[in-house]
*Asks:* 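Let me give you the structure first, and then I'll get to my questions.
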Amino acid sequence: MEPFNEHKGLVIPLDRANVDTDAIIPKQFLKSIKKSGFGPNLFDEWRYLDHGEPGMDNSKRKINPDFILNLPRYKNGSILVARENFGCGSSREHAPWALLDFGIKVVIAPSFADIFYGNCFKNGILPIVLDKSIVDEIFIRVDENIRYQITVNLRSQRIYDEHKESLDKYFEIDSFKKSCLMEGLDDIGLTLKNKTEIQNFEKNYQENFPWLKGE
Amino acid sequence: MASTLYEKIFKRHVVREDNDTFLIYIDRHLIHEVTSPQAFEGIRLANREIWRAKSILAVPDHNVPTTDRSIEIEDPISKIQVETLDKNCEEFNLLQFKMNDERQGIVHVIGPEQGSTLPGMTIVCGDSHTSTHGAFGAIAMGIGTSDVEHVLATQCLIVNKFKTMRINVNGNLQNGVTAKDVALTIIGKIGTAGGTGHAIEFAGTSISSLSMEGRMTLCNMAIEAGSRVGLVAVDDKTIDYIKDKPLAPRGALWEKAKKDWLNLVSDKDVIFDTEVEIDGSLIEPQVTWGTSPEMVSSINSKIPNPDHYKDKTLSSSYQIALKYMNLKPDTPIKEILIDKVFIGSCTNSRIEDLRAAAAIVGAKKIAKNIKLALVVPGSGLVKLQAESEGLDKIFTKAGFEWREPGCSMCLAMNADKLGPGERCASTSNRNFEGRQGQGGRTHLVSPQMAAAAAIYGKFVDIRELN
Ligand code: SF4
């Protein structure tokens with residue numbers, strides 16, 4: 001995983017609440033046994049007018065000209081801003097894989113669903129929770145300024161823009177998640193450093209709860 | 001200090017603690033074909049081993065056809081995924097119920113059915129509806145594929161502790177009101193993000209009077225209320241259900257386990273972060289009308305009018321939903337005509353669900369406007385049981401199709417799906433746009449309500465049926 005330090009990018013506004021992971025990446029694409037290649041099918045049912053299936057040549061499909069991702073002014077955007085409860089529904093990690101493959105590095109919303117939130121960190125995407133009023137303000141700024149950009153600094157937990165009246169906000173993040181993301185750490189490697197501790201725990205545990213050994 | 005059920009189980013599993021981050025030990029790992037291939041690949045690439053293969057139970061369910069299984073899976077990509085699971089289970093020597101095994105079924109149905117789900121456990125699966133298993137007084141939660149790999153390699157998971165929420169439902173449920181209606185009522189009340197960051201314990205007399213099947217239906221939909229973990233305290237019903245299941249402990253171990261399990265309840269004077277009260281006797285049969293499970297009403301209400309809501313985000317969500325669902329504000333729910341009916345999914349495909357649906361069907365036939373009515377049992381064993389009771393005959397005589405077990409039209413990864421614009425009464429758990437097929441329109445209901453919708457071609461109040 002790539003370490004995350006600072007990111008400056010163009011903001012894409014997705015003005016919807018409760019965006020679920022079925023919408024982020026529809027189920028037919030979950031048949032893949034790989035982690036990559038989901039980008040062209042991110043938001044497939046909103047992005048294209050025809051029905052998408054794995055293996056199709058997406059460049060030949062009819063795109064939905066009204067969908068936000070298809071508007072030229074948001075081309076190459078890497079920061080997605082949306083409304084409440086983003087990423088609800090299925091636990092599919094294909095959702096962050098698709099976002100990442102498309103080029104999204106940061107997702108901003110007033111709230112996220114738990115599993116999706118955690119899955120983002122595992123893949124180097126930074127999900128940022130901001131007050132509803134600030135998210136509202138970002139939506140207004142994106143609307144009023146063509147190619148509106150935001151900078152996110154993870155170390156200082158700050159998010160700011162270069163607008164006349166600068167937006168400059170502090171955001172909260174769990175310190176463990178922050179350090180994993182900043183160092184691009186593989187948390188399996190990290191956990192396995194405690195191998196003996198886990199072994200000792202397991203031994204004890206199986207003595208106390210012998211019916212859970214699962215023989 | 002007094003603790004909640006969630007805290008009691010959590011504490012038993014803490015391997016280490018750093019600030020607010022915990023390494024917890026996992027007892028049971030359930031695996032299916034869709035969210036595991038990349039995890040196994042990761043294990044192989046890093047040259048790691050599987051920590052405790054015996055903790056794993058694997059089954060293909062999302063992608064399997066529900067039609068004749070003696071022929072090969074038609075969709076080549078689905079086939080590869082199912083075969084990949086076979087290969088991984090062989091390579092790592094894991095217990096799997098393959099597609100043609102009579103014990104195969106939806107992962108959340110077979111776990112409890114096999115006694116692989118036990119009280120006090122931590123249970124994970126790369127699937128958000130893992131919350132189902134919390135009905136047994138276990139911490140059961142859905143995880144992503146990276147975490148699947150983490151558990152395979154370490155038998156542990158890195159987590160933060162959830163806050164606790166207790167939802168008290170008291171009073172006698174009316175005849176015809178089921179656990180599904182309780183779940184939908186709760187979601188309608190607290191919203192799909194209401195339980196975010198919380199472990200929800202369902203308590204009260206309405207809950208303790210539910211069967212284990214009903215409790216599973218309820219915990220299953222904790223995730224639709226935003227909570228990864230749903231729990232019900234252990235009681236005699238829990239113990240009776242588990243007794244003699246193939247993987248349950250026996251003899252002296254059983255006695256020891258039973259004694260421990262009966263302590264798995266929240267302490268009397270414990271304080272939850274949030275408490276919610278619901279009068280169970282007032283709950284009516286529920287029908288969702290929108291594209292989020294919180295967009296739900298009682299059978300006798302009308303579709304809400306988005307113009308009547310001041311909150312802009314809410315009003316615009318309602319508008320988008322009604323447009324997608326092709327429904328007009330203020331239409332009575334009872335006037336909505338249905339094209340297809342789906343009885344199945346990890347929410348409502350257990351034997352009790354099929355019995356209840358069959359009882360509504362009786363000797364009647366499905367309505368003319370119903371193009372397809374599917375019954376998909378949750379597992380091969382549920383199917384056999386239902387057939388031994390003659391339920392399959394009741395369904396097929398009425399015009400339903402009787403299928404092989406799997407996720408089927410709950411998420412339409414296999415051939416069972418809605419066409420664009422088709423409207424379905426479904427016993428599953430998600431009414432998201434396109435969930436049951438692109439352009440398909442889903443109304444979530446109980447098995448009884450779905451069966452009645454098949455017979456009458458529209459939604460009816462099953463309390464008014466004889
Ligand atoms: S039945 Fe539906 S919700 Fe349940 S595991 Fe299968 S796809 Fe998921």
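A note on names: the letters A, B, ... follow the listed sequences, proteins ahead of strands, and every chain is numbered from 1. Predicted, not measured: the structure shown is a model, and the values here were computed from it.
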*Asks:* Counting only heavy atoms closer than 4.5 Å, note whether B:W254 contacts chain A via side chain, backbone, both or neither.
*Replies:*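 Looking at B:W254, nothing touches chain A.
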
*Asks:* Which one wins on heavy-atom pair count under 4.5 Å against chain B: A:N194, A:N18, A:D44?
*Replies:*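 Most heavy-atom pairs under 4.5 Å with chain B: A:N194.
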
*Asks:* Count the heavy-atom pairs under 4.5 Å between each of B:L95, B:I80, B:D20, B:D147 and chain A, then report the option with the highest count.
*Replies:*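 Option with the greatest count: B:D147.
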
*Asks:* Can you tell me which portion of A:K177 sits under 4.5 Å from chain B's heavy atoms? Options are side chain, backbone, both or neither.
*Replies:*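 Side chain of A:K177 only, per the 4.5 Å heavy-atom cut-off to chain B.
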
*Asks:* Do B:E41 and B:R44 sit within salt-bridge range, that is, some charged N less than 4.0 Å from a carboxylate O?
*Replies:*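 The answer is yes: the pair qualifies as a salt bridge.
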
*Asks:* In terms of heavy-atom proximity below 4.5 Å to chain A, should B:S78 be classed as side chain, backbone, both, or neither?
*Replies:*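 Interface part for B:S78: both.
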
*Asks:* With a 4.0 Å cut-off on N to O distance, would you call B:D75 and B:K79 a salt bridge?
*Replies:*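 No.
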
*Asks:* Highest number of heavy-atom pairs under 4.5 Å with chain A: which of B:E149, B:R250, B:R228?
*Replies:*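 The answer is B:R228.
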
*Asks:* Against chain B, work out which of A:P26, A:S32, A:S111 has the most heavy-atom pairs shorter than 4.5 Å and name it.
*Replies:*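 Greatest number of close heavy-atom pairs with chain B: A:S32.
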
*Asks:* Report the relative orientation of the aromatic rings in B:Y25 and A:F201; use parallel for angles under 30°, tilted for 30 to 60°, perpendicular for over 60°.
*Replies:*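 Correct class here is tilted.
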
*Asks:* Looking at A:A113, A:S90, A:G189, A:G55, which one has more heavy-atom pairs under 4.5 Å with chain B than the rest?
*Replies:*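 Option with the top pair count is A:S90.
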
*Asks:* Tell me, out of A:G89, A:A17, A:G52, A:P54, who's got the most heavy-atom pairs with chain B below 4.5 Å.
*Replies:*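 Looking at each of A:G89, A:A17, A:G52, A:P54 in turn, A:G89 comes out on top.
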
*Asks:* Does either side chain, that of A:H51 or that of A:E53, offer a donor lying less than 3.5 Å from an acceptor on the other one?
*Replies:*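 A pair is found: one side chain offers a donor N or O, the other an acceptor, under 3.5 Å apart.
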
*Asks:* Which region of B:V14, side chain (C-beta onward) or backbone (N, CA, C, O), has a non-hydrogen atom less than 4.5 Å from a non-hydrogen atom of chain A, or is it both or neither?
*Replies:*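 Just the backbone, heavy atoms under 4.5 Å.
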
*Asks:* Could you tell me which of A:D20, A:N123, A:D174, A:T21 has the largest number of non-hydrogen atom pairs under 4.5 Å with chain B?
*Replies:*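 Of A:D20, A:N123, A:D174, A:T21, A:D20 has the most heavy-atom pairs under 4.5 Å with chain B.
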
*Asks:* Any salt bridge between B:K258 and B:D260, counting N to O under 4.0 Å?
*Replies:*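 Not counted as a salt bridge, because no side-chain N and carboxylate O are separated by less than 4.0 Å.
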
*Asks:* Shorter than 4.5 Å, heavy atoms on both sides: which option in A:K122, A:E45, A:R92 has the most such pairs with chain B?
*Replies:*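 Among A:K122, A:E45, A:R92, the one with the most close pairs to chain B is A:E45.
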
*Asks:* Go through the steps for A:E93 and A:K35 under the test salt bridge (charged side-chain N to carboxylate O under 4.0 Å, His left out), then give the verdict.
*Replies:* CA-CA 9 Å; A:E93 202 158 316; A:K35 280 189 186 185; 5.6 Å; no

*Asks:* Could you please spell out the steps behind the side chain to side chain donor-acceptor pair (under 3.5 Å) verdict for A:E144 and A:H163?
*Replies:* CA-CA 11 Å; A:E144 289 175 352; A:H163 202 259; 5.4 Å; no

*Asks:* Just so I understand: if I count every heavy-atom pair under 4.5 Å between each of B:T35, B:I223, B:L23 and chain A, which residue has the most?
*Replies:*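 Option with the greatest count: B:L23.
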
*Asks:* Is chain B contacted by the side chain of A:Y117, its backbone, both, or neither, given a heavy-atom distance below 4.5 Å?
*Replies:*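 For A:Y117, neither part sits under 4.5 Å from chain B.
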
*Asks:* Mind telling me whether B:H32 and B:H62 have parallel, tilted or perpendicular rings, with 30° and 60° as the class edges?
*Replies:*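 Parallel, since the angle between the ring planes stays under 30°.
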
*Asks:* Do the side-chain N and O atoms of A:H7 and A:N153 include a donor-acceptor pair separated by under 3.5 angstrom?
*Replies:*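 Judged by distance alone, the side chains do not pair up.
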
*Asks:* Could you check A:Y48 against A:N64 for side chain to side chain donor-acceptor pair (under 3.5 Å), going step by step and ending with a plain yes or no?
*Replies:* CA-CA 5 Å; A:Y48 301 96; A:N64 172 4; over 6 Å; no

*Asks:* Select one option (side chain, backbone, both, neither) describing which atoms of B:N414 are under 4.5 Å from chain A's heavy atoms.
*Replies:*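 B:N414 has no heavy atom closer than 4.5 Å to chain A.
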
*Asks:* Are A:D114 and B:K163 within salt-bridge range, i.e. N to O under 4.0 Å?
*Replies:*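 So A:D114 does not pair with B:K163 through a salt bridge.
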
*Asks:* Report the option among B:S36, B:A248, B:P249, B:A193 that has the most heavy-atom pairs separated by less than 4.5 Å from atoms of chain A.
*Replies:*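 The residue among B:S36, B:A248, B:P249, B:A193 with the greatest pair count is B:A193.
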
*Asks:* Is the closest side-chain donor-acceptor distance between B:H13 and A:Y205 under 3.5 Å?
*Replies:*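 Yes, A:Y205 and B:H13 have a side-chain donor paired with an acceptor closer than 3.5 Å.
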
*Asks:* Heavy-atom cut-off 4.5 Å, strictly under: side chain, backbone, both or neither for B:L57 against chain A?
*Replies:*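 No part of B:L57 comes within 4.5 Å of chain A.
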
*Asks:* For B:F162, which atoms come within 4.5 Å of any heavy atom of chain A: side chain, backbone, both, or neither?
*Replies:*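 Only the side chain of B:F162 comes within 4.5 Å of chain A.
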
*Asks:* Under a 4.5 Å heavy-atom cut-off, does chain A meet the side chain of B:I77, its backbone, both or neither?
*Replies:*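 Both parts, backbone and side chain.
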
*Asks:* What part of A:Q206 gets within 4.5 angstrom of chain B, counting heavy atoms only: side chain, backbone, both, or neither?
*Replies:*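 Side chain of A:Q206 only, per the 4.5 Å heavy-atom cut-off to chain B.
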
*Asks:* What part of B:T192 lies closer than 4.5 angstrom to a heavy atom of chain A: side chain, backbone, both or neither?
*Replies:*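 For B:T192, backbone and side chain are both near chain A.
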
*Asks:* Any side-chain donor paired with an acceptor under 3.5 Å for B:R28 and B:T117?
*Replies:*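 There is no such pair (donor and acceptor under 3.5 Å, judged by atom type) between the side chains of B:R28 and B:T117.
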
*Asks:* Less than 4.0 angstrom from a charged side-chain N to a carboxylate O is my criterion; do A:D101 and A:K34 meet it?
*Replies:*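 No, no charged N to carboxylate O under 4.0 Å.
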
*Asks:* Could you tell me whether A:D50 and A:K62 have a side-chain N and a carboxylate O separated by less than 4.0 Å?
*Replies:*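 A:K62 and A:D50: not salt-bridged.
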
*Asks:* So which part of B:L118 gets closer than 4.5 Å to some heavy atom of chain A, the side chain, the backbone, both or neither?
*Replies:*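 Side chain only.
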
*Asks:* Does any backbone or side-chain atom of B:S317 lie under 4.5 Å from a heavy atom of chain A? Answer side chain, backbone, both or neither.
*Replies:*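 Only the side chain of B:S317 comes within 4.5 Å of chain A.
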
*Asks:* Does A:K60 come within less than 4.0 Å of A:D57, counting only side-chain N to carboxylate O?
*Replies:*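 Yes, this pair counts.
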
*Asks:* Identify which part of A:N208 has an atom lying under 4.5 Å from any heavy atom of chain B, answering side chain, backbone, both or neither.
*Replies:*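 A:N208 has no heavy atom closer than 4.5 Å to chain B.
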
*Asks:* What part of B:R430 gets closer than 4.5 Å to chain A, counting heavy atoms only: side chain, backbone, both or neither?
*Replies:*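 For B:R430, the side chain is the part near chain A, not the backbone.
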
*Asks:* Is any side-chain N of the basic residue among B:K87 and B:E83 closer than 4.0 Å to the acidic one's carboxylate O?
*Replies:*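 Salt bridge between B:K87 and B:E83, a charged N being under 4.0 Å from a carboxylate O: no.
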
*Asks:* Go through the atoms of A:N119 and report whether side chain, backbone, both or neither lie under 4.5 Å from a heavy atom of chain B.
*Replies:*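 Contact with chain B: side chain only.
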
*Asks:* Please classify the contact between B:T196 and chain A as side chain, backbone, both or neither, with a heavy-atom cut-off of under 4.5 Å.
*Replies:*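 It is both, since atoms from each part get that close.
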
*Asks:* Could you look at B:N160 and say if it's the side chain, the backbone, both or neither that has a heavy atom under 4.5 Å from chain A?
*Replies:*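 Contact with chain A involves the side chain of B:N160 alone.
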
*Asks:* Counting heavy-atom pairs under 4.5 Å to chain A, which of B:E33, B:E294, B:M141, B:K256 comes out on top?
*Replies:*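 Heavy-atom pairs under 4.5 Å are most numerous for B:K256.
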
*Asks:* Against chain A, work out which of B:G197, B:A153, B:G226, B:A46 has the most heavy-atom pairs shorter than 4.5 Å and name it.
*Replies:*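 Going by pairs under 4.5 Å, I would pick B:G197.
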
